[in-house]
Amino acid sequence: MAKKKRKAGASQHQLPPHVEEARKAIAEAKAWKPRPKLPQRRVIWAISGIFLLCIGLSLTLWLPPHFLVQDLRSRGVDSAATVVGVDSKPKYVKVRLVTGPEAGTEVKLSDYAGMYPDTHTSASLVVTYDRDDPSRILTRAWVEDPPANLPAFGTSALAVICLGLTTAVIWRRLWILRTFGPEEPPASSTGAKKNPDEVVRD
């Protein structure tokens with residue numbers, strides 16, 4: 001009977017609280033996974049800034065040419081013209097109006113998103129100018145069928161890419177913060193450094 005009582009007393013023995021804490025800390029340290037490199041906030045801000053810049057450039061390249069064409073279609077005056085000057089530094093095309101109320105006037109063609117028609121001096125063109133402001137002028141072909149706005153397409157595509165990169169970086173940052181634990185393993189705490197077996201022997 002005495003032996004049974006001693007065995008029952010041994011089975012009811014509980015480890016001290018600090019030993020249990022040490023064992024728990026070691027278990028957490030074994031389950032800890034190193035956190036991947038966290039995307040920095042300054043990277044997110046930089047890509048977001050480039051995105052906003054591309055949006056601004058896209059609007060600048062899309063809206064003024066669009067409004068110019070619409071105005072010339074609604075109140076434009078057609079006129080024959082002769083090219084009197086072409087230069088690329090700075091780039092411009094200068095024409096002299098031959099017919100219409102502004103005949104004899106020399107004016108530079110308006111650019112379409114930074115583009116000018118491919119022409120040369122003494123060439124003949126049919127142009128359309130704004131009756132309220134003759135300095136707003138394009139070739140009639142461009143008024144009827146505007147050229148592909150490649151600069152605007154390029155900046156718009158870059159803006160979409162930057163938006164995708166910003167979204168991906170933000171999503172990765174949030175995923176890392178939610179999925180992984182602290183940057184340092186739990187074993188770095190003072191309580192986890194102790195070997196629980198040594199504590200029991202003490």
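Numbers here are sequence positions counted from 1.
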| said: R41: which residues meet the salt bridge (Lys or Arg N to Asp or Glu O under 4.0 Å) condition with it, sequence neighbours left out? | reply: none
| remark: Rounding to 0.5 Å, atoms CG (L72) and CH2 (W142) come to a distance of 12.5 Å
| field | Result of checking V107, L97, I137 against E102 for side chain to side chain contact (heavy atoms under 4.5 Å, CB included) | value | L97
| said: Rounded to the nearest 0.5 Å, what separates atom CG in L68 from atom CD in Q70? | reply: 10.0 Å
| Got a sec, which residues hit side-chain contact (heavy atoms from CB on, under 4.5 Å) with L165, two or more places apart in sequence or on another chain? | I47, I161
Side-chain donor/acceptor pairs under 3.5 Å, residues 76-85, sequence neighbours excluded:
from: D78; atom 1: OD1; to: T128; atom 2: OG1; distance (Å): 2.6
from: S79; atom 1: OG; to: T99; atom 2: O; distance (Å): 2.7
from: S79; atom 1: OG; to: T99; atom 2: OG1; distance (Å): 3.4

| Listed by chain and number, what are the side-chain contact (heavy atoms from CB on, under 4.5 Å) partners of W171, not counting sequence neighbours? | W175
| said: Using the side-chain contact (heavy atoms from CB on, under 4.5 Å) criterion, which residues pair with A103? Sequence neighbours excluded. | reply: none
| message | With clusters defined by side-chain heavy atoms of hydrophobic residues (ILVMFWY) lying less than 4.5 Å apart, directly or transitively, does V86 cluster with L125? | response | yes
| task | Determine which pairs satisfy side chain to side chain donor-acceptor pair (under 3.5 Å) with at least one residue from residues 106-116, sequence neighbours left out, and list them in order. | result | R96-E106
| message | Holding to side-chain contact (heavy atoms from CB on, under 4.5 Å), I want the full list of residues that pass it with A157, two or more places apart in sequence or in another chain. | response | none
| query | Among all residues two or more places apart in sequence or in another chain, which pass the ring pair (Phe, Tyr, Trp, His ring centres under 6.0 Å) test with F153? | reply | W62
| task | State plainly whether one hydrophobic cluster holds both V169 and L174, where clusters connect Ile, Leu, Val, Met, Phe, Trp and Tyr through side-chain heavy atoms under 4.5 angstrom apart. | result | yes
| field | Pairs flagged by side chain to side chain donor-acceptor pair (under 3.5 Å) wherever residues 129-140 is involved - sequence neighbours left out | value | D71-R136, R75-D130, R75-D132, D130-R136, D133-S135
| note | Tightest non-hydrogen contact, residues V143 and V69, listed as O-CG1, 3.7 Å
Under 3.5 Å, which donor-acceptor pairs link side chains of residues 48-59 to any protein atom two or more places apart or in another chain?
from: S48; atom 1: OG; to: I44; atom 2: O; distance (Å): 2.8
from: S58; atom 1: OG; to: C54; atom 2: O; distance (Å): 2.8
from: S58; atom 1: OG; to: T155; atom 2: OG1; distance (Å): 2.9
from: S58; atom 1: OG; to: S156; atom 2: N; distance (Å): 3.2
from: S58; atom 1: OG; to: S156; atom 2: OG; distance (Å): 3.4

| request: Would you please name every residue forming a side chain to side chain donor-acceptor pair (under 3.5 Å) with Q40, sequence neighbours left out? | output: R42
| query | Can you tell me how far NE2 of H66 sits from CG of L61, rounded to the nearest 0.5 angstrom? | reply | 14.5 Å
